[in-house]
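Have a look at the structure below before the remarks.
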Amino acid sequence: MFPNKLSSLLFLPKSLSYSHSPLSSLPPRPSLLQTKQAHARIIVHGLASDVVLLGHLLSFLALAPSSSLEYSLSVYRTLSYPSVFASNNMIRCFAKSDSPRGSVVLYSSMRQGNVALPNSHTFTFVLQACSKALAIHEGTQVHSHVVKLGFGVDVFISNALIHLYSACCRMECSKRVFQENIHHRDVVSWNSILAGLVRDGQIGVAETMFGKMPERDAISWSTMIMGYVQNGQLEEGLECFKEMRERGLKPNEAILVTVLSASAQMGLLEHGRLVHSIINSLNFRMTTSLGTALVDMYAKCGCIEQSKLLFNSMHQRDISSWNVMICGLASHGLGKEALAHFETFVKEGFRPVNVTFIGVLNACSRAGLVREGRHYFKLMTENYDIEPEMEHYGCMVDLLGRAGFINEAVDLIEKMPAPPDPVLWATLLGACKIHGLVELGEMIGNKLIHLDPNHDGHYVQLASIYAKSRKWEDVVRVRRLMFKQNTNKIAGWSLIEAEGRVHQFVAGDRKHERSSEIYKMLETIGRRISEAGYTPNISSVLHDIGEEEKENVIKEHSERLAIAYGMLVTGVGDCIRIVKNLRVCEDCHEVSKMISQVFEREIVVRDGSRFHHFKEGKCSCHDFW
DNA sequence: ATAGGGTTAG
């Protein structure tokens, strides 16, 4: 009787067919709706308390992509004598839900004999729940039951234990289980421990493990690549990805998303494009995650138009897709567009979160939208009850300060509930420089030097404020102070991608193999832009050297070397894309504008805080950055 | 009569 009943009651009509991915050979998973329909048929047939049927129903619920814990519980509660099968699947439903601790409660009533006794499946599910809840205490107790009941040799269970300890960063315990199970080990055991090491920041150990693995699958590679990227070793991550491809292995979605993120962080457009073409050529389904990662990559690599096109073509957008788009528009100075996106986002029923407002406030500050900035700052706290963080204050101080509302900015800082980050004062110091406020600048500059005496940026800013108002003896004094303090100077660099490689330059760099050509090109550039009326602005140079030498120093800023190299290796009329870690200096900004005009070249520079698109002698930031 | 493990940013 069973097989027939089962198929007629649980099997679903073809027309409603299960969500079935052509790329996987997984068994079909009924949706929540389909499962509820099956439940209805069971009830209609008078079998509402059939343990076998309801057990299957629960297993469907545990697997359904979107299921409701309340519903699963209501099904489970109708059973007067739940089977192990039904109980295990109920534990699995808890494990998958937002209240994984429910699994542990049900498990202990099984242990007490109130319901069916646990079997090996019980342990995999309850341990999964402990991992998810980071319930190390409960997990350890379950571990002792596993040993006591002789389940320690079950590879599924010992892997679940390795995963549990890895998830809780108890790497010593994790390794012990791993070592004890030397005869019951497979690629999953290795992957679980690898993931733990990576999570714990032990990237070197993980690397060694990875090298020793007897077998590696897509998840092993993705864990390793992710490990590098999460630990900030972006180049190594991309290198690992390359090695994987050279071995003829196919990436999975997790790898692609991670690698896109690395390309985005480094600003490597060509690499990002390569990943995009891999996605297309392997016929990957364009999921929301992949789409969002691509939108982000193009925005962070300077192609905001491409980013917008992709965003508009997405079938489904989640809150992250919107956040990425809004922040991207903001970083390109497209303030109005970013705000329009925000409004649509709200109209579509999304609720903004704190990063959304970082994008919105950045949009205002980059585009100088003071009124809007004040409005959204208020909206964030009053309408959405989001506590502003340091970064939100940073945007506001920047916006108000640069627009000249210095007192309002000072007020905002002083009324903050938490002690202000020195960065906020530094931002305000920048505003004092723009508006030539020597006295306030002096006060803030001294305060900053006191707070953070090893940071060279504060001295530089203060000195340039003095320089701007021609207070030369103060310039010299501050500069001497800086040398005496032995400040840490953050080395500036610029990079450009060309001929399938990344070329990185520092100021005065002569290490590049085409160095002499680069310097010749610099001279040509200098001559041509001088003819067009350029004179160097050397106020930002503080070295104790003669005027002529100062000109040479700025002439050899890393950014210019990268641009000169770009002119050498790209075709006439091609866009030159530069990524740098610090902000562009005033003079380089001017020079880039001139080059864009004289050589009819579009130049896109991503600096430490935003994008500059130079075209026909103008910059997208309107010289306001 | 039946089920089980590991990887994903912004």
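Every chain is numbered from 1 and lettered A, B, ... according to where its sequence line falls, protein lines coming before strand lines.
- Looking at residues 222-236 of chain A, you'll see A/S222, A/T223, A/M226, A/Q230 sit with a heavy atom under 4.0 Å from some atom of DNA chain B.
- Distances shorter than 4.0 Å separate none of the side-chain N or O atoms of A/S120 from OP1 or OP2 on B/dG4.
- Of the listed nucleotides (B/dG10, B/dT8, B/dG4), B/dT8 has the atom at the smallest distance from the side chain of A/T258.
- The nearest whole Å value for the distance from the CD1 atom in A/I319 to the P atom in B/dG10 is 15 Å.
- Evaluation of atom-type donor-acceptor distances gives no pair under 3.5 Å for the side chain of A/N89 against the base of B/dA3.
- Looking at A/N252, its side chain has no donor and acceptor atom pair within 3.5 Å of the base of B/dT8.
- The CD1 atom of A/I157 sits 13 Å away from the C1' atom of B/dA3 (whole-angstrom rounding).
- Geometric assessment of A/R351 against the ring of A/Y384 yields a negative cation-pi assignment under the 6.0 Å and 45° thresholds.
- Contacts of A/V155 with the nucleic acid, taken as non-hydrogen atoms under 4.0 Å apart, include base atoms.
- Between A/R216 and A/L249, every side-chain heavy-atom pair lies at or beyond the 4.5 Å cut-off.
- Ionic pairing of A/R176 and A/E172 is not present here: no N-O contact between side-chain nitrogen and carboxylate oxygen is shorter than 4.0 angstrom.
- Considering only the side chain of A/D154, B/dG4 comes nearest among B/dG4, B/dG10, B/dT7.
- Going from atom CZ of A/F60 over to atom C1' of B/dA3 covers 11 Å, rounded to whole Å.
- Counted within 6.0 Å of CG on A/N114, heavy atoms from surrounding residues, nucleotides or ligands total more than 12; the atom is thus considered enclosed.
- Heavy-atom neighbours of A/D385 CG from other residues, nucleotides or ligands within 6.0 Å: at or below the threshold of 12.
- A salt bridge between A/K347 and A/E343 is absent, with no side-chain N of the basic residue lying under 4.0 Å from a carboxylate O of the acidic one.
- For the pair A/W322 CH2 and B/dA9 C1', the computed distance is 19 Å after rounding to whole Å.
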Do any side-chain atoms of residues 129-139 of chain A form donor-acceptor pairs under 3.5 angstrom with protein atoms, and if so which ones, sequence neighbours left out?
from: A/S131; atom 1: OG; to: A/L127; atom 2: O; distance (Å): 2.9
from: A/K132; atom 1: NZ; to: A/K96; atom 2: O; distance (Å): 3.0
from: A/K132; atom 1: NZ; to: A/S97; atom 2: O; distance (Å): 2.8
from: A/E138; atom 1: OE2; to: A/R101; atom 2: NH1; distance (Å): 2.9

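- Summarising the geometry, the separation between CZ on A/F311 and C1' on B/dG10 is reported as 12 Å, rounded to the nearest angstrom.
- For the pair A/F156 CZ and B/dG4 P, the interatomic distance rounds to 8 Å; values are reported in whole Å.
- The distance between atom CG of A/L54 and atom C1' of B/dA3, rounded to the nearest whole Å, is 16 Å.
- A donor N or O paired with an acceptor N or O is found under 3.5 Å between the base of B/dA9 and the side-chain atoms of A/S289.
- Within the nucleic acid shown, A/R216 has no heavy atom closer than 4.0 Å to any nucleic acid atom.
- Between A/R92 and B/dG4, a side-chain N or O to OP1/OP2 separation shorter than 4.0 Å is present.
- The ring of A/H121 does not lie on top of the base of B/dG4; it is either too far (5.5 Å or more) or too tilted (30° or more).
- Spacing between atom CG of A/N323 and atom P of B/dA9 amounts to 16 Å, rounded to whole angstrom units.
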Working for ring pair (Phe, Tyr, Trp, His ring centres under 6.0 Å), residues A/F342 and A/F357
CA-CA 9 Å; A/F342 175 77; A/F357 280 103; 5.5 Å; yes
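- Nearest nucleotide to the A/D296 side chain, out of B/dG10, B/dA9, B/dA3: B/dG10.
- Between B/dA9 and A/Q265, no contact under 4.0 Å exists linking OP1 or OP2 to a side-chain N or O.
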